[in-house]
A.B. asks: 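Mind looking over this structure? Questions follow.
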Amino acid sequence: GVHLYVLVHGFNSCQGHLRYVAKRIKAALGGPAVVYLAGSNQPRVNNPLFHPTHDGIDVGGERLAQEISDLVRRPEHARLKYISFFGNSLGGLIARYAFGLLFNPDTGLLAGLQPVTFVSMAAPHLG
């Protein structure tokens, strides 16, 4: 099966801030994988006063959960079997919230995939 790695940016940030991390993960992987830079919480306009990350962890988590659900349903991702998260700063909290929304306690699966790793960097999980 193919492993999906979801990278989630932080506060007032965008996908581009994690491109280097995505590049290093791709270079380090030996098997088939999809390294995905989540974009549902990045700005649509270039104004830091109207950034989607200002909407809060719950709203951002719901957007991310929907983005992942849509992603895994695409025909080109039919071979996905595993999922891992990497969240930077606020992205770690948003990813954790989305994880909870996507997790099925009856099957132990997350968006229909087997969860493997959750990594957060500089995420204020305790406040």
A.B. asks: State whether the number of non-hydrogen atoms from other residues, nucleotides or ligands found under 6.0 Å of R44 atom CZ is greater than 12.
C.D. replies: yes
A.B. asks: Which pair of heavy atoms, one from L102 and one from S69, lies closest together, and at what distance?
C.D. replies: CD2-OG, 3.4 Å
A.B. asks: Between L80 and L109, is there a shared hydrophobic cluster once you connect ILVMFWY residues whose side-chain heavy atoms come closer than 4.5 Å?
C.D. replies: no
A.B. asks: Might you point out which heavy atoms bring A123 and G92 nearest each other, and give the distance in Å?
C.D. replies: CB-CA, 4.1 Å
A.B. asks: Sorted by first residue and then second, give each side chain to side chain donor-acceptor pair (under 3.5 Å) pair with at least one member in residues 14-23; sequence neighbours left out.
C.D. replies: S13-H17, Q15-Q42
A.B. asks: Please give me the minimum heavy-atom distance between N88 and M121, naming the atom from each residue.
C.D. replies: OD1-CE, 3.1 Å
A.B. asks: Once rounded to the nearest 0.5 Å, what's the spacing between atom NE2 of H9 and atom CG of L37?
C.D. replies: 9.5 Å
A.B. asks: Given side-chain contact (heavy atoms from CB on, under 4.5 Å), test L4 with H77 step by step and report yes or no.
C.D. replies: CA-CA 9 Å; L4 171 63; H77 295 305; over 6 Å; no
A.B. asks: Supply the atom-to-atom distance L64 CG to I57 CD1, rounded to the nearest 0.5 angstrom.
C.D. replies: 12.5 Å
A.B. asks: Test I83 against I68 for side-chain contact (heavy atoms from CB on, under 4.5 Å), laying out the working first.
C.D. replies: CA-CA 10 Å; I83 187 168; I68 292 168; 4.1 Å; yes
A.B. asks: Do you reckon L29 sits in the same ILVMFWY cluster as V34, going by side-chain contacts under 4.5 Å, direct or chained?
C.D. replies: no
A.B. asks: F85 and L110: side-chain contact (heavy atoms from CB on, under 4.5 Å), yes or no, with the steps?
C.D. replies: CA-CA 11 Å; F85 285 91; L110 191 135; 3.7 Å; yes
A.B. asks: Roughly how far, to the nearest 0.5 Å, is OG of S40 from CG of L71?
C.D. replies: 10.5 Å
A.B. asks: Which atom names give the shortest non-hydrogen contact between P115 and G108, and what distance separates them?
C.D. replies: CD-O, 3.4 Å
A.B. asks: Is there a continuous path of hydrophobic side-chain contacts, each under 4.5 Å between heavy atoms, that joins V35 to V8?
C.D. replies: no
A.B. asks: Can you see which heavy atom on P43 is nearest to which on P52, and at what distance?
C.D. replies: CA-CD, 3.6 Å
A.B. asks: Applying a strict under-4.5 Å side-chain criterion to I, L, V, M, F, W and Y, I'd like to know whether F103 and L113 cluster together.
C.D. replies: yes
A.B. asks: Return each pair, listed once, that meets side chain to side chain donor-acceptor pair (under 3.5 Å) where at least one residue sits in residues 114-127; pairs must be two or more places apart or across chains.
C.D. replies: R96-H125, S120-H125
A.B. asks: Partners of D55 by side chain to side chain donor-acceptor pair (under 3.5 Å), sequence neighbours excluded?
C.D. replies: R63
A.B. asks: How long is the span from the CG atom in L93 to the CG atom in D58, to the nearest 0.5 Å?
C.D. replies: 11.5 Å
A.B. asks: Please test V6 against S84 for side-chain contact (heavy atoms from CB on, under 4.5 Å), starting from the C-alpha separation and ending with a verdict.
C.D. replies: CA-CA 6 Å; V6 180; S84 290; over 6 Å; no
A.B. asks: Can you name the side chain to side chain contact (heavy atoms under 4.5 Å, CB included) partners of L101, sequence neighbours left out?
C.D. replies: E62, A65, Y97
A.B. asks: Quiz question: by atom type and distance under 3.5 Å, do the side chains of N12 and H54 form a donor-acceptor pair?
C.D. replies: yes
A.B. asks: Do the side chains of Y5 and V2 join up, straight or via other hydrophobic residues, at under 4.5 Å, putting them in one cluster?
C.D. replies: no
A.B. asks: Using the test side chain to side chain donor-acceptor pair (under 3.5 Å), find all partners of Y36 that sit at least two apart in sequence or belong to another chain.
C.D. replies: E67
A.B. asks: Could you work out, with ring-ring contact (aromatic ring centres under 6.0 Å, His included) as the rule, every residue matching Y82, not counting sequence neighbours?
C.D. replies: H3
